[in-house]
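No experiment lies behind these values; they were computed from the predicted model shown. Order of appearance sets the numbers: ligands from 1, and atoms from 1 within every ligand.
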Amino acid sequence: RDGLVDIAIKDGRFARIASELPSPSSAIREIDAAGRLVVPPFIDAHVHLDAVLTVGQPRYNTTGTLLEGIQIWSELKPSLTREDVKKRVLEEIRWEVAQGTLHIRSHVDVCDPNLTALKALLEVREEVRDICNLQLVAFPQDGIMSFPNGRELLRKAMELGCDLVGGIPHFEWTRDMGVEDVHYAFELAKEFNRDIDCHCDETDDPLSRFTEVMAADTIQQGWQGRVTASHCTAMHSYDNAYAFKLIHLLALAQVNVIANPFDNVVLQGRFDTYPKRRG
Ligand SMILES: [Zn+2]
């Protein structure tokens, strides 16, 4: 709208917006925004804080594929220290908060026998509590079923205090192991009474169909509204008949989908010959 307005905020919500509001004596604080733009805080719904500011370490991604990216990260992982992770993460969070972000959901790789990054992030979550709300997702980057002690590490991460359970079914060695990956995420979610946010079908493979498993588990376990499927890029390769069926199922299950276009616009389509898909 045009012109300058006053904004009354009560209990964290915009209570009234008008060209001139009386300043009530009950107002705890009055802020003069000096005519600047006022917006609700931003939400960063998907970030991997443990991996920020590491480009080129130990080498650059020459194929541009997600698979090489994961490989490079696995080469860096053994050398992570709690201090190094915390320093990078705090730098990144300061940048985000300076831009107006108040809520951040970060996945944290738990496929590390020492859980170094997770321990660092748990400390950071407390340290930044007065400037932003940081949620941590226990994220099994190398698989729950395909990584040594994957199940135990994911459980340990929940015991240490992760806010959400993650998964990565399309990355498991076989279709059956991928299904088991989803089931196990739900098992832990129920046990710890936590929401779920799985990386799901982040591939161009049209036969990668685990988002349907997440939706079915959501309905069967009564977890409606508490489940998020992230990336879901295989959906751009599905035939229309299947995509229609899946979208209906996702709506029925009230599963949230978080797409990550800035990420996947550069990662996907790398195995295409010609014609190469766009967008
Ligand atoms: Zn991700």
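Coordination check, His107 versus the Zn ion (ligand 1): failed, since every N/O/S atom of the residue sits at 2.8 Å or beyond.
Contact check on Lys77 versus Asp142 returns a salt bridge, with a Lys/Arg side-chain nitrogen under 4.0 Å from an Asp/Glu carboxylate oxygen.
Angle NE2 (His46) to the Zn ion (ligand 1) to NE2 (His231): 90°, rounded to 10°.
The environment of NZ in Lys190 is crowded: more than 12 heavy-atom neighbours from other residues, nucleotides or ligands sit within 6.0 Å.
Atom CZ of Arg226 and atom CG of Asn256 lie 12.0 Å apart (nearest 0.5 Å).
Among the heteroatoms counted here (N, O or S) of His48, NE2 is the one nearest to the Zn ion (ligand 1). Nearest to the Zn ion (ligand 1), among the N, O or S atoms that His199 has, is NE2.
Note: His231 and His46 meet the aromatic proximity criterion, with ring centroids under 6.0 Å apart.
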